[in-house]
There are 2 protein chains.
Amino acid sequence: MTVLEVLHSAPNCGSCPIRHNAVCARCETEELAALDAIKFYRSFEAGQTLIWAGDRMDFVASVVSGVATLTQVMEDGRTQTVGLLFPSDFVGRPGRDRAPYNVIATTDLLMCCFRKKPFEEMMARTPHIGQRLLEMTLDELDAAREWMLLLGRKTAREKIASLLAIVGRRDAALHLRKPQGKLVFDLPLTREAMADYLGLTLETVSRQISALKRDGVIELEGKRHVTVPDYNVLLEEAGDDADGGFFG
Amino acid sequence: MTVLEVLHSAPNCGSCPIRHNAVCARCETEELAALDAIKFYRSFEAGQTLIWAGDRMDFVASVVSGVATLTQVMEDGRTQTVGLLFPSDFVGRPGRDRAPYNVIATTDLLMCCFRKKPFEEMMARTPHIGQRLLEMTLDELDAAREWMLLLGRKTAREKIASLLAIVGRRDAALHLRKPQGKLVFDLPLTREAMADYLGLTLETVSRQISALKRDGVIELEGKRHVTVPDYNVLLEEAGDDADGGFFG
DNA sequence: CTGTGGATTTGATATAGGTCAAGGATTCCC
DNA sequence: GGGAATCCTTGACCTATATCAAATCCACAG
């Protein structure tokens, strides 16, 4: 995969609590060439922590394949995941050099990285990139706030349905399809990782998944392979507005 | 208060779930003059909804005095507040013209507004402003994610203590002081508004405030006037890291 | 095939916080 | 002063979810 491909894939997936992406979908060829010169790839295994909260971060990066989480941990071990990163999502914050969260690969993961300093210099020369970054950050903020509603007010069943809807939507986006009708995808998270994202325990996650299965909202093959017979039914279970959020 | 004063006051209050502010603390005098030409003031009464989710927003604005909330409401009425706006905080998103949340004045409120189109034109001419806006948006994102930890993992008592710590810190910032030792301030929120922000019911909020009072963590005079004998004790009750978050 | 360890499910029980209901305090208005 | 509205507190009880404890499943090493 070339940088050009990474940067030009910019699916906008909706109101998910998930980062959107592509650094600059409109930038000039010569700028892409410049980016190309400062890029490198890194791969990680499922379960690996790529970055620890407080670490110095001297690069920014895009997810090429796989899924990662952004996670906060309290002193006594209570854990809350605050973001999910799918392919095309972006990590890193120009102008800040400490990572505020643990970044953990939940599946095998390939990242396309750019050294931070040259990236920032390029940003300074290229207004489009800064604009795009503001755009992306606003999307992330909307996603975080949508998740605040989920964490503060939704029931366990609604939380699970919401998460499944988002994973289904992002997976559909990877295949350049709109999420509708029947969806089939693999869960990129363990029950525990789902619990950490939803503010639940893994037992509750397991029970609610069983309940959704019993009620025919989803079908399961093994523990990770999910079939959603009707995406709209799933959205109703999620308690969202009809279209699944502000972005449709 | 002049625009210059509004724009140049940029307290950075820490890891609160609260927006920070000042559009551009470093911009040139002539740019301030340009901003001055497109500003206007609006005032609102406590309880008034300034903006409804879905409304067209043709301005951006800074809080001059008072407090407002950003609030999401589900179809069945469940309500979650996703942001608190104190003086110097910013509302509005260049490049987007629909408001995603209700904005509600919780006290009498004065806003300093700028018409959006000229503001955006100015942003395009002045890289500092765009940079500052990205900076502010990243702060908001951090605050939102800190709040996700609160909503997903903290107990009711910790939630209340966290909110009191944040209000105390922002209030101290208004007086250009560091929060420490004894703090005295007024709560700008009803019990119900606190509940909506913390993902609780108003009864639970009331009970936990009574408990913190009983345990000497706070003192109350009337329902709104709070004395915190020792800010560090409050932070411990909040379950945060010693210094109260990433920003100190 | 067999043991081992992680991930998951399921059951029994406990509890934090929600719900429903009643009553106080404060303010405002007449 | 006397409603009456709003906001807040407190009590009694209930329930969704957490906690603790076994099973079960499955992948993988030997």
Side-chain angles (χ1 to χ4, degrees), chain A residues 45-48 74 76-80 104 106-108 150-161 163-164 186-215 218-226 237 239, chain B residues 45-48 74 76-80 104-108 150-164 186-215 218-226 237 239:
Chain A
E45 288 180 10
Q48 210 179 338
M74 290 172 72
D76 61 6
R78 281 177 283 176
T79 298
Q80 179 66 47
I104 304 171
T106 65
T107 66
D108 290 345
L150 175 142
L151 290 170
R153 295 303 186 196
K154 287 190 178 179
T155 65
R157 169 184 269 242
E158 287 170 334
K159 287 178 176 183
I160 298 286
L163 179 56
L164 292 172
D186 285 311
L187 279 172
L189 301 173
T190 64
R191 301 292 186 260
E192 186 179 22
M194 294 172 70
D196 285 342
Y197 197 22
L198 299 171
L200 298 171
T201 59
L202 63 123
E203 293 94 331
T204 298
V205 169
S206 180
R207 277 187 248 271
Q208 294 299 334
I209 287 179
S210 298
L212 287 174
K213 190 167 116 186
R214 168 173 46 69
D215 299 344
I218 59 173
E219 291 153 24
L220 271 183
E221 194 178 325
K223 288 139 201 293
R224 297 290 195 94
H225 192 73
V226 179
E237 290 287 351
Chain B
E45 289 181 11
Q48 210 179 339
M74 291 172 71
D76 61 6
R78 281 177 283 177
T79 298
Q80 179 66 47
I104 305 171
T106 65
T107 66
D108 290 344
L150 176 142
L151 291 169
R153 295 304 186 195
K154 287 189 179 180
T155 64
R157 169 185 268 243
E158 288 170 334
K159 287 178 175 182
I160 298 286
S162 299
L163 179 56
L164 292 172
D186 284 311
L187 278 173
L189 301 173
T190 64
R191 300 293 187 258
E192 186 179 23
M194 293 173 70
D196 286 342
Y197 197 21
L198 298 171
L200 298 170
T201 60
L202 72 160
E203 293 95 331
T204 298
V205 169
S206 180
R207 276 187 251 271
Q208 294 297 334
I209 288 179
S210 297
L212 288 173
K213 190 167 116 187
R214 170 172 45 69
D215 299 343
I218 60 172
E219 291 153 26
L220 272 183
E221 195 178 326
K223 289 137 201 292
R224 297 290 194 94
H225 192 73
V226 179
E237 290 288 349

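Naming convention: chains lettered A, B, ... in sequence-line order (proteins, then strands); numbering from 1 in each chain.
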Asker: Can any side-chain N or O of Arg191(A) pair as donor or acceptor with the backbone N or O of Leu202(A) at less than 3.5 Å?
Answerer: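 Pair absent, no side-chain N/O of Arg191(A) close to backbone of Leu202(A).
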Asker: I want to confirm an ordering. Mapping Lys223(A) and Glu203(A) to their closest nucleotides on DNA chain D, which one lands closer to the 5' end?
Answerer: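 Result of the comparison: Glu203(A).
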Asker: Do the non-hydrogen side-chain atoms of Ile209(A) and Ile218(A) ever get within less than 4.5 Å of each other?
Answerer: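 The answer is yes, as the side chains (C-beta and beyond) meet within the 4.5 Å cut-off.
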Asker: Could you please spell out the steps behind the salt bridge (Lys or Arg N to Asp or Glu O under 4.0 Å) verdict for Arg157(A) and Glu237(A)?
Answerer: CA-CA 7 Å; Arg157(A) 169 184 269 242; Glu237(A) 290 287 351; 2.8 Å; yes
Asker: Is any NZ, NE, NH1 or NH2 atom of the basic residue among Arg78(A) and Glu158(B) found under 4.0 Å from an Asp or Glu carboxylate oxygen of the other?
Answerer: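 Yes.
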Asker: Under 4.0 angstrom, heavy atoms only, what part of the nucleic acid is Arg157(A) near: base, sugar-phosphate, or nothing?
Answerer: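 Result for Arg157(A) = nothing.
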Asker: Rounded off to whole Å, could you give me the CZ-to-C1' distance for the Arg153(B) and dA16(C) pair?
Answerer: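 Rounded to whole Å, this separation is 15 Å.
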Asker: Is the phosphate of dA16(C), meaning OP1 or OP2, less than 4.0 Å from a side-chain N or O of Thr204(B)?
Answerer: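 No, no such contact exists.
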Asker: Given atom CZ of Arg207(B) and atom P of dA21(C), what is their separation to the nearest angstrom?
Answerer: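 Taking CZ of Arg207(B) and P of dA21(C), I get 14 Å after rounding.
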Asker: Does any non-hydrogen side-chain atom of Glu192(B) lie less than 4.5 Å from one of Thr201(B)?
Answerer: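 No, every pair of side-chain atoms sits at 4.5 Å or beyond.
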Asker: Expressed as a whole number of angstroms, how long is the span from His225(B):NE2 to dT26(C):P?
Answerer: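 About 15 Å, once rounded to whole Å.
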Asker: Within the 4.0 Å heavy-atom criterion, would you say Ile209(A) contacts the bases, only the backbone, or no part of the nucleic acid?
Answerer: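 Nothing, no nucleic acid heavy atom in range.
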Asker: Would you mind reading off the distance between Ile160(A) atom CD1 and dT9(C) atom P, rounded to a whole angstrom?
Answerer: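 Atom-to-atom, Ile160(A) to dT9(C), this comes out as 10 Å.
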Asker: Think Thr201(B) has a side-chain N or O under 4.0 angstrom from the OP1 or OP2 of dG17(C)?
Answerer: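 Answer is no, no contact under 4.0 Å.
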Asker: Go through the steps for Asp196(B) and Arg153(A) under the test salt bridge (Lys or Arg N to Asp or Glu O under 4.0 Å), then give the verdict.
Answerer: CA-CA 9 Å; Asp196(B) 286 342; Arg153(A) 295 303 186 196; 3.4 Å; yes
Asker: What is the first contacted nucleotide of DNA chain D and what is the last, in 5' to 3' order, if contact means an atom lying under 4.0 angstrom from a heavy atom of chain A?
Answerer: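 The contacted stretch runs from dT17(D) to dC26(D).
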Asker: Rounded to the nearest angstrom, tell me the gap between atom NZ in Lys154(B) and atom C1' in dG17(C).
Answerer: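 Interatomic distance, NZ of Lys154(B) to C1' of dG17(C): 18 Å.
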Asker: So which of residues 188-196 of chain A are in contact with DNA chain C, with a heavy-atom cut-off of under 4.0 Å?
Answerer: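 Only Thr190(A), Arg191(A) qualify.
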Asker: Examine distances only and state if a side-chain atom of Glu219(A) and a backbone atom of Val226(A) form a donor-acceptor pair shorter than 3.5 Å.
Answerer: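 Between the backbone of Val226(A) and the side chain of Glu219(A) there is no qualifying donor-acceptor contact (under 3.5 Å).
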Asker: To the nearest Å, how far apart are Arg224(A) CZ and dA7(C) P?
Answerer: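 Going from CZ in Arg224(A) over to P in dA7(C) covers 9 Å.
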Asker: Mind checking if Gly199(B) touches a base, just sugar-phosphate, or nothing, with heavy atoms under 4.0 Å?
Answerer: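 Sugar-phosphate only.
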Asker: From CG of Leu202(A) over to P of dT10(C), roughly how many Å is that when rounded to an integer?
Answerer: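 After rounding, the gap between these two atoms is 13 Å.
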Asker: Can you check side chain to side chain contact (heavy atoms under 4.5 Å, CB included) on Lys159(B) and Leu200(B), steps first, answer last?
Answerer: CA-CA 9 Å; Lys159(B) 287 178 175 182; Leu200(B) 298 170; 4.0 Å; yes
Asker: Going through the distances and angles, do Leu164(B) and Leu212(B) end up as a side chain to side chain contact (heavy atoms under 4.5 Å, CB included)?
Answerer: CA-CA 11 Å; Leu164(B) 292 172; Leu212(B) 288 173; 4.1 Å; yes
Asker: Separation of Glu221(B) atom CD from dT26(C) atom P, in whole Å?
Answerer: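 Distance, rounded to whole Å: 11 Å.
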